[in-house]
Number of protein chains: 2
Amino acid sequence: MTQKITQRNVADLANVSTGTVSRVINGHPLVSEEARKAVLQAIEQLGYIPNKAAQSLAQGRTNNILVAFLDKSPILPSTWQYELPILQAINDYLRLNNYSVQITIHTADSNLDSVLFKDVMSDKSIDGMMILTSLAIEESFIRSLEESRIPTVFIGNGPFWHDGNQVGTAILFDNFHIIQDAYNMLRSLGHERIGFITGSDEHIHSQIRLKAFTEIAAKHMDPESCEDLIHHGDYSINSGFEALYHFFKKADPPTAIICANDLMAIGAMKAAKELHMRVPQDLSIIGFDNIEVGSFYSPPLTSIKVPSYDLGRQGAELLLKTIKDGKTREPITLPTELVIRNSISKMV
Amino acid sequence: MTQKITQRNVADLANVSTGTVSRVINGHPLVSEEARKAVLQAIEQLGYIPNKAAQSLAQGRTNNILVAFLDKSPILPSTWQYELPILQAINDYLRLNNYSVQITIHTADSNLDSVLFKDVMSDKSIDGMMILTSLAIEESFIRSLEESRIPTVFIGNGPFWHDGNQVGTAILFDNFHIIQDAYNMLRSLGHERIGFITGSDEHIHSQIRLKAFTEIAAKHMDPESCEDLIHHGDYSINSGFEALYHFFKKADPPTAIICANDLMAIGAMKAAKELHMRVPQDLSIIGFDNIEVGSFYSPPLTSIKVPSYDLGRQGAELLLKTIKDGKTREPITLPTELVIRNSISKMV
DNA sequence: CTGTTAGCGCTTTCAA
DNA sequence: TTGAAAGCGCTAACAG
C-alpha cells in the first residue's frame with residue numbers, strides 16, 4: 001500500500017509550514033519565489049496529491065457538477081443521438097475548468113421530485129447541476145430546487161418560474177420555427193397535404209414540434225383536415241412504420257410527411273417501400289435529429305440538425321458563471337438547421 | 001440561503017451527542033431504540049443531510065467511482081451503441097449501492113498514462129474505477145495503476161499483467177468464437193468466398209475479430225486468397241461502403257461478407273444496391289452490434305448481439321467486490337449471440 | 001511574505 | 001449504551 005502523503009510531509013520536506021504549501025497549491029500571490037520552488041519540488045518528489053475531501057470540507061465547495069438525465073424509459077442507444085454530444089461537450093468544458101462530472105440516469109416512473117432530490121441532489125456533494133430531460137417538470141421540483149439554491153442549468157427545457165422569479169437557467173434550441181420552415185419549404189415544392197408524426201406525447205420537444213405544425217397548418221386548412229394529417233408516434237422506428245400505414249389506409253393521404261425524429265422517418269420509409277411508394281417521387285419525407293445513418297438511406301434523408309454539442313458547451317459555461325456569481329440568466333435559444341437531401345422533391 | 005444543518009444541530013435537538021447521531025446514521029448496532037427514534041425524528045424535522053466531504057474525510061473513502069471512456073476520436077453517437085447500455089447498467093447498479101458515478105471521456109491523442117493519471121485518477125476522490133476502451137493499453141499505464149492501488153475493472157479489454165500479477169479485473173465478451181460461428185454458418189449455406197471488413201485497426205475488438213476470421217479462413221484456403229478477402233475499414237458507414245466497391249473491383253469477389261460492425265454493414269448494403277446486387281440473393285451480409293436500425297433495413301440485417309448491459313452490470317458488481325476485499329479476480333467472458341435475419345441466404 | 005491555529009462536519013476510539 | 005474528544009487533511013484569518 002502506497003502510504004498517504006499529506007501536506008504535512010510536503011511542508012516538512014520543503015521546510016515551510018502547511019499554510020505555505022496550501023498557498024502554493026492554490027496559487028496565492030503572496031509566496032516568495034524561493035518558497036514556491038521548494039514546495040513544488042517537494043510535491044514533485046513525494047508525488048503529493050491534495051485530498052479532495054479535505055479541500056472540499058475546508059473550502060465549502062466540491063468542484064463537482066452533476067449531469068442528470070431523466071426519462072420515462074431506460075436508455076435506448078438509438079435515441080441518444082441528441083444527448084451524447086451534449087454529454088461530450090459538458091465533459092470537455094468542465095474537465096478543462098477543473099470540475100469533475102458526475103452523472104445520473106433516472107428512469108422516472110415516479111416523479112422527479114422524490115427521485116432526484118432524495119437520491120441525488122441531496123448528497124450535497126455538488127456545486128451545481130445540469131438537467132437534461134424533455135419531460136415536463138413539476139412545480140414541486142422547481143420549488144425544491146429554488147429552496148436548495150443549487151445552481152442549475154436546464155438543457156432543452158424551461159425556463160421555469162417560481163413565485164415570479166426564474167429558477168435555474170435554460171439553454172434551448174429552436175424546435176418551433178424550424179418545423180414551420182420545413183412546412184413552408186414543402187409547400188413551396190407544391191405539397192398541400194403535409195402530414196406530421198409526433199414523438200412521445202409527454203416529451204416537451206414533441207409537444208412543441210406538434211404545436212408548430214398545428215399552427216402553421218391551420219393557416220392553410222381547416223382544423224379537421226389538419227387532425228387527419230397528424231399521427232401520434234413515440235419516436236421509435238416502429239411507430240413511424242405504423243404511422244405510414246395509418247395515413248395510407250385513409251382517403252386522401254399526405255404527399256409529404258414531417259417526422260418528429262429520424263428513426264420514425266426511417267420506419268416510415270420502410271413502410272413506404274412495402275406499399276410500393278417511391279420516396280421522394282410519391283412521398284416526401286423529413287426527419288429530425290440528422291442522425292448519421294440518415295444520410296446513408298436511399299434516398300438520403302432530409303432532416304433537422306440540432307446543435308447538441310453547442311447546447312452542452314454553452315450550458316456548461318452558463319453553469320460555471322452562475323456558480324461564480326449566483327445569478328440566473330435569461331434563457332438562450334440556439335438555432336437549428338434544415339439539412340436538405342433527396343428524400344423530398346417537387347410535387348409532380 | 002437555507003442555512004446549513006449539521007450533525008450538531010441534530011444532536012442538540014435530539015438531546016444526544018454527535019457520536020450517537022453518527023451511529024444512528026451509520027446503522028451502528030449499539031444504540032438504544034429510544035435514542036434512535038429521537039435522532040431520526042430530529043433528522044426528519046431539520047431536513048438534515050450529512051456532508052459527504054466530511055464523511056469522506058473521516059472515513060477515508062468517497063463512495064465515488066469513476067467511469068473512464070477512452071478513444072481516439074470524440075464520441076460519435078452512432079458508434080456508442082455498445083457503450084451506452086454499459087453506462088446505463090453501471091449507473092443502475094452503483095446508484096443502487098449508494099455510489100456516485102463520475103465519468104470522464106477522453107480523446108487520447110496523447111497516451112493514456114499522462115491523460116488519465118494526471119487529469120483524473122490523481123484526484124483521489126474515487127474509490128474505484130471502470131475503464132472502457134478498446135484501445136491498447138500501455139505498460140506504463142498498467143504500472144501506474146498497480147502502484148496507485150485503485151481497484152479497477154476493465155470492460156471489454158484485458159486482462160493486464162505487471163510483474164506476474166494481474167492488474168485490475170477484466171470483464172469481456174466473446175468476439176472470437178462468434179465470428180467463427182458466423183463464418184461456419186455462412187459456409188454451411190454454401191458460401192466459399194467469405195469476405196471480412198475490419199473496424200479500426202487500433203481497436204482491440206477489431207483485432208480479435210480479424211484474428212478469428214483469419215484463423216478460420218486459413219482452414220479453408222491458402223493465405224493469399226484469404227488476404228484478398230479482407231478489407232480494412234474504420235467502423236464508419238462510409239468505410240463499409242468503400243469496402244464493398246473495393247471487393248467488387250476485383251475478380252472473384254466474395255459471395256458473403258462479415259463486417260466488424262453494423263454501420264459498415266449498412267454502408268456495404270448501400271454500395272451493393274448501387275452495384276445492382278441483391279442482398280441476400282447475390283450477396284449475404286452479417287454485421288456486429290445488433291443495432292436497432294439494422295432490423296429495419298431491407299433486408300433486415302443479420303448481426304451479432306453483445307450483452308452490453310450485462311457487461312456493465314457485472315463489471316460494476318465485480319468492482320464493488322474488489323473494493324470490499326481488495327482481491328483482483330479472474331477475467332469473465334460473457335457470450336455473444338448471432339441474430340439471424342434476412343440479409344443472409346443459401347448460395348444459389 | 002510566512003507560521004500558527006482554529007475550524008470545516010463527521011467518525012471513532014476510549015472511558016464511563 | 002453513550003458522551004467526550006481526538007483526529008481526517010486542508011484552508012484561511014490573524015499575527016508577526
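First the proteins, then the strands, lettered A, B, ... as listed; each starts at 1.
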(request) Using chain A heavy atoms and a threshold of under 4.0 Å, write down where along DNA chain D the contacts begin and end, 5' to 3'. (result)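 Nucleotide range in contact with chain A: dG9(D) to dA13(D).
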(message) Could you check whether E317(B) pairs with R313(B) (Lys NZ or Arg NE/NH1/NH2 to Asp/Glu carboxylate O, under 4.0 Å)?
(response)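 Salt bridge between E317(B) and R313(B), a charged N being under 4.0 Å from a carboxylate O: yes.
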(message) Check this for me: does any side-chain nitrogen of one of D12(A) and R8(A) sit under 4.0 Å from a carboxylate oxygen of the other?
(response)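 Yes, D12(A) and R8(A) are salt-bridged.
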(message) Working to the nearest 0.5 angstrom, can you tell me the gap between N9(B) CG and K4(B) NZ?
(response)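 It comes to 12.0 Å.
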Tell me the closest heavy-atom pair linking [X] and [Y], and the distance in Å.
{"X": "G312(A)", "Y": "I155(A)", "result": "CA-CD1, 4.4 Å"}
{"X": "I142(A)", "Y": "W161(A)", "result": "CG2-O, 4.0 Å"}
{"X": "L320(B)", "Y": "L94(B)", "result": "CD2-CD2, 3.7 Å"}
{"X": "I43(A)", "Y": "I25(A)", "result": "CD1-CG1, 4.2 Å"}
{"X": "I332(B)", "Y": "Q314(B)", "result": "CG2-OE1, 4.4 Å"}
{"X": "Q166(B)", "Y": "R329(B)", "result": "NE2-O, 2.9 Å"}

(message) Applying ring pair (Phe, Tyr, Trp, His ring centres under 6.0 Å), can you list everything that pairs with Y93(A), at least two apart in sequence or on another chain?
(response)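 Expected list: none.
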(message) Categorize Q7(A) for me: base, sugar-phosphate, or nothing, with a 4.0 angstrom heavy-atom threshold over every strand shown.
(response)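 Base, at least one base heavy atom under 4.0 Å.
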(message) Once you apply a heavy-atom cut-off of 4.0 Å, does Q55(B) come out as touching a base, just sugar-phosphate, or nothing?
(response)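 Answer is sugar-phosphate: Q55(B) comes under 4.0 Å of backbone atoms only.
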(message) Among residues 19-28 of chain A, which ones have heavy-atom contacts with DNA chain D below 4.0 Å?
(response)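 The stretch gives G19(A), S22(A), R23(A), N26(A) as the residues lying under 4.0 Å from the strand, ordered by number.
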(request) Enumerate the residues from residues 30-45 of chain B whose closest heavy atom to DNA chain D is under 4.0 Å, giving them by residue number; use none for an empty result. (result)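 Result for residues 30-45 of chain B: L30(B), V31(B), S32(B), A35(B), sorted by number.
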(message) Using the salt bridge (charged side-chain N to carboxylate O under 4.0 Å, His left out) criterion, which residues pair with R36(A)? Sequence neighbours excluded.
(response)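 Here no residue qualifies.
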(request) Specify the separation, in whole Å, of atom CZ of R61(A) and atom P of dG9(C). (result)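 In whole Å, dG9(C) P and R61(A) CZ are 15 Å from each other.
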(request) Using whole Å, report how far CZ of R8(B) lies from C1' of dC10(C). (result)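 About 12 Å, once rounded to whole Å.
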(request) Among L319(A), T152(A), I150(A), find the one that has a side-chain contact (heavy atoms from CB on, under 4.5 Å) with I65(A). (result)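 Exactly one option meets the side-chain contact (heavy atoms from CB on, under 4.5 Å) with I65(A), and it is L319(A).
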(request) Could you check V16(B) against A54(B) and say which one's nearest nucleotide on DNA chain D is further toward the 5' end? (result)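 Result: V16(B).
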(message) Please check: side-chain N/O of T62(A) versus main-chain N/O of S125(A), any donor-acceptor pairing under 3.5 Å?
(response)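 The answer is yes, because a donor-acceptor pair under 3.5 Å joins these two groups.
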(request) To the nearest 10°, let me know how far the axis at one end of the helix from dC1(C)-dG16(D) to dA16(C)-dT1(D) is tilted from the axis at the other, five pairs an end. (result)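 If I round to tens, the end axes sit 40° apart.
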